[in-house]
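Just so you know, residue 1 is the first one in the sequence shown, and it goes up from there.
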Amino acid sequence: MSVNSKIECVVVETGPQPTGCVVWLHGLGADGYDFVPIVKELEQMGLPNTRFVFPHAPKIPVSINGGYVMRAWYDIKNVDLQRQEDEDGIRQSQATIEQLIEDQIALGFKPEQIVLAGFSQGGAITYQLGLRTRHKLEGLIALSTYLPCENTLDAELNPINLGIPLLAAHGEQDNIVLMERGEKAVKLLQNKGVDVQWHTYPMAHSVCGEEGVEIANFLKRVF
């Protein structure tokens, strides 16, 4: 395991000369170490040699938490996540992660060897960037999340990204990001022609073992 100092993140490689790269974004208040334990689980399920990049979001005041400073990809001002949306913050994180992907390409990975994944806030940035980037990535994974900046998607969507395989999953008892928000995003993207694989699980705002199996299967399929 090593820490990338150029863009603050944790890097884990499951073997020498990885043939795929997963950039995985954590949720509000967590950090890049949050999903590191899942690497071993995925490896045990037969994932080929893969580079995992877990960036740390910046520390910013979060309005919904009384201005408390924590790691966040953007500010949240309202519990419905859509009113008073922090579009500037979302776009800033979009640019940051796009640069991180460029860094992986500079290291030798082709765009079609890179999967962008995210949980909750990280999943929102996955949607935001994955549908707009100039690169056609190998796949997107959006967990327990929703679609930000809906009003600009039609104008900004890069048509090459309509064919990207997308795994979306949500907890049926999620009271942080309601499952209806996740379903809304999936239906909107399916109507645009995006190849979305949708799964729900009897859980709250979290990740479960069955979901891990689907993630492993998805990564093995796209890689």
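- Glu102 and Arg134 are joined by a salt bridge, as a carboxylate oxygen and a charged side-chain nitrogen come within less than 4.0 angstrom of each other.
- For His135, there are no ring-ring contact (aromatic ring centres under 6.0 Å, His included) partners two or more places apart in sequence or in a different chain.
- Between the side chain of Asp174 and the backbone N or O of Val177 there is at least one donor-acceptor pair closer than 3.5 Å.
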Exercise for the section: Let me see the working for His56 and Tyr33 under side-chain contact (heavy atoms from CB on, under 4.5 Å), right down to the final yes or no. Expected result: CA-CA 8 Å; His56 302 301; Tyr33 290 99; 3.7 Å; yes

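- Hydrophobic clustering, with ILVMFWY side chains joined whenever heavy atoms are under 4.5 angstrom apart, keeps Val196 apart from Tyr201.
- Between His170 and Tyr146, the distance from one ring center to the other does not fall under 6.0 angstrom.
- A salt bridge links Arg91 with Glu87: at least one charged nitrogen is closer than 4.0 Å to a carboxylate oxygen.
- Closest of all the heavy-atom pairs between Phe119 and Ser206 is CE1-O, 3.8 Å.
- Residues Ile125 and Leu188 share a single hydrophobic cluster, defined by chaining ILVMFWY side chains whose heavy atoms lie under 4.5 Å apart.
- A side-chain contact (heavy atoms from CB on, under 4.5 Å) with Lys220 is found for exactly one of Ile215, Leu47, Leu42, namely Leu47.
- For Ser93, the side-chain hydrogen bond (donor to acceptor under 3.5 Å, both in side chains) criterion is met by no residue, not counting sequence neighbours.
- When each of Ile105, Ile160, Thr133 is checked for a side-chain contact (heavy atoms from CB on, under 4.5 Å) with Pro111, only Ile105 meets the rule.
- For Asp88, there are no side-chain hydrogen bond (donor to acceptor under 3.5 Å, both in side chains) partners, not counting sequence neighbours.
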